[in-house]
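One structure follows; several queries about it will come next.
Order of the sequence lines sets the chain letters (A, B, ...), proteins ahead of strands, with each chain counted from 1. All of these numbers come straight from a predicted model, not from anything done at the bench.
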Number of protein chains: 2
Amino acid sequence: MKKDSKLSSVLHVLLHMAHSGQPLTSEQLAAFLHTNAVVVRRMLAGLRELGYVDSVKGHGGGWSITCDLKQVTLRDIYDAVGTPSVFAMGHRVEDPQCLVEQAVNQALDEAFRDAEALLIERLSDVTLADLSDDFNRRFRIQSQA
Amino acid sequence: MKKDSKLSSVLHVLLHMAHSGQPLTSEQLAAFLHTNAVVVRRMLAGLRELGYVDSVKGHGGGWSITCDLKQVTLRDIYDAVGTPSVFAMGHRVEDPQCLVEQAVNQALDEAFRDAEALLIERLSDVTLADLSDDFNRRFRIQSQA
DNA sequence: TTTTCATGTAACAAACAATAGTACATGAAA
DNA sequence: TTTCATGTACTATTGTTTGTTACATGAAAA
């Protein structure tokens with residue numbers, strides 16, 4: 001299964017935006033991701049609607065962060081990019097008549113449900129500010145080397 | 001992303017095999033899954049190599065279970081089908097130079113690692129015998145209705 | 001007012017992975 | 001020797017993510 005990297009990508013550009021004093025254009029953000037500007041606009045459209053970022057057209061325009069990094073968690077961003085499906089495994093048939101398949105589905109569902117809940121909990125524990133701090137730490141270490 | 005349903009499918013046919021007194025052919029198993037016999041042979045090939053099932057050619061041949069249902073867990077079967085990747089989300093770049101992306105990847109990795117560990121733990125808690133018992137319970141309930 | 005820069009978005013193309021299907025070889029029992 | 005069944009290579013289909021092109025919209029600068 002081809003993996004969805006929207007969450008990873010959005011977080012990446014958000015941090016670049018956070019560390020830039022001025023708006024960044026879709027082209028600039030796309031360069032960070034080695035991709036196309038249209039992909040960036042699509043990715044960020046949802047976040048703009050939710051008020052996490054803003055975009056400005058024309059000269060000097062571009063994207064900037066409009067939320068408090070300390071208040072927004074990775075879980076919020078996960079939701080903002082459309083709560084992509086967590087697991088790469090699924091049931092063969094979603095609502096089977098077969099009693100055997102019902103038993104299998106339920107057993108798997110329980111395991112997946114618990115794992116997903118833990119994932120969401122972990123994502124809720126990390127704010128964008130935490131990520132930003134981690135980046136700054138890495139930057140200091142690399143500068144010393 | 002198209003979800004991998006090998007684990008679900010294999011468990012489904014294993015339980016049918018467990019509840020059959022005699023070997024079942026690939027055609028019969030394929031009918032349970034509404035798919036092709038070749039798909040079944042491919043799915044079960046790995047389990048045969050690991051000794052969970054056996055296949056016999058020719059008249060009266062087919063597939064049967066050769067393991068102890070009480071000893072084999074869903075985690076064993078998960079491994080037997082090739083430990084398919086758990087998550088439908090991934091990093092944009094696996095080993096990035098960009099410090100921002102490194103920070104993002106690490107934060108996500110920690111969350112995913114914990115969730116995957118819990119999933120495996122839950123799968124290890126359930127044996128094929130448990131699934132079989134659950135099926136029998138469902139069967140009794142439906143028979144009463 | 002016109003040009004330039006930038007986003008907004010629809011429509012289409014490419015890349016990739018899971019599943020399905022076909023064809024033919026192998027082997028065992030009737 | 002015929003029939004049944006697996007083994008497997010090869011190809012086709014389907015669905016999803018990502019990338020690309022084209023053009024409309026809007027704002028600032030010249």
Rounded distance (nearest 0.5 Å) linking atom CG of A:D54 with atom SG of A:C67
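Going from the CG atom of A:D54 to the SG atom of A:C67 covers 11.5 Å.
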Can you check the B:L47 CG to D:dT6 C1' distance for me, whole Å?
16 Å
Roughly, in whole Å, what's the span from CZ in A:R92 to C1' in C:dA18?
11 Å
Of the candidates D:dT6, C:dT22, C:dA29, the side chain of B:N36 sits closest to C:dT22
Nearest to the side chain of A:S26, which nucleotide is it out of C:dT7, C:dA20, C:dA18?
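Given the options C:dT7, C:dA20, C:dA18, the side chain of A:S26 is closest to C:dT7.
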Provide, to the nearest angstrom, the distance between the CE atom belonging to A:M43 and the C1' atom belonging to D:dT18.
11 Å
Identify whether the distance between the nearest side-chain nitrogen and carboxylate oxygen of A:K6 and A:D4 falls below 4.0 Å.
yes
In which ranges does DNA chain C form stems of 3 or more consecutive Watson-Crick or G-U pairs, distances under 3.5 Å?
C:1-30 with D:1-30
Against the side chain of B:K2, the closest entry in D:dG15, D:dT20, D:dT17 is D:dG15
Whole angstrom is fine here: how far is it from CD in A:Q22 over to P in C:dC5?
16 Å
Of the nucleotides C:dA23, D:dG19, C:dA15, which one has an atom closest to the side chain of A:R42?
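Per side-chain heavy atoms of A:R42, the pick is D:dG19.
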Nearest-nucleotide wise, let me know which of A:K6 and A:K57 is further upstream toward the 5' end of DNA chain D.
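Per heavy-atom nearest nucleotide, the more 5' residue is A:K6.
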Spacing between B:D4 atom CG and D:dT14 atom C1', to the nearest angstrom
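Going from CG in B:D4 over to C1' in D:dT14 covers 15 Å.
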Can you tell me how far C1' of D:dG7 sits from CZ of B:R48, to the nearest Å?
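These atoms are roughly 7 Å apart.
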Gap between atoms CD and C1', on B:Q28 and D:dT6 respectively (whole Å)
14 Å
Are A:Q106 and A:Q102 linked by a side-chain donor-acceptor pair shorter than 3.5 Å?
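Side-chain D/A pair, A:Q106 to A:Q102: absent.
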Salt bridge check: are B:D79 and B:R75 linked by an N-O gap of less than 4.0 Å?
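A salt bridge is present here (some side-chain N lies under 4.0 Å from a carboxylate O).
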Strictly below 4.0 Å, N to O, side chains only: are B:R138 and B:D134 in salt-bridge contact?
yes
Does C:dT7 have OP1 or OP2 under 4.0 Å away from a side-chain N or O of A:S55?
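Looking at the OP1 and OP2 atoms of C:dT7, neither is under 4.0 Å from any side-chain N or O of A:S55.
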Which is more 5' along DNA chain D, the nucleotide nearest A:H59 or the one nearest A:S5? Just name the residue.
A:S5
Using whole Å, what does the distance between atom C1' of nucleotide C:dA15 and atom NZ of A:K3 come to?
17 Å
When rounded to the nearest 0.5 Å, the distance separating CG of B:L119 from CZ of A:F87 is 6.0 Å
Donor-acceptor pair under 3.5 Å, B:R41 side chain vs C:dG21 base
no
List the steps, then state whether side-chain contact (heavy atoms from CB on, under 4.5 Å) holds for A:V40 with A:E27.
CA-CA 8 Å; A:V40 171; A:E27 291 287 352; over 6 Å; no
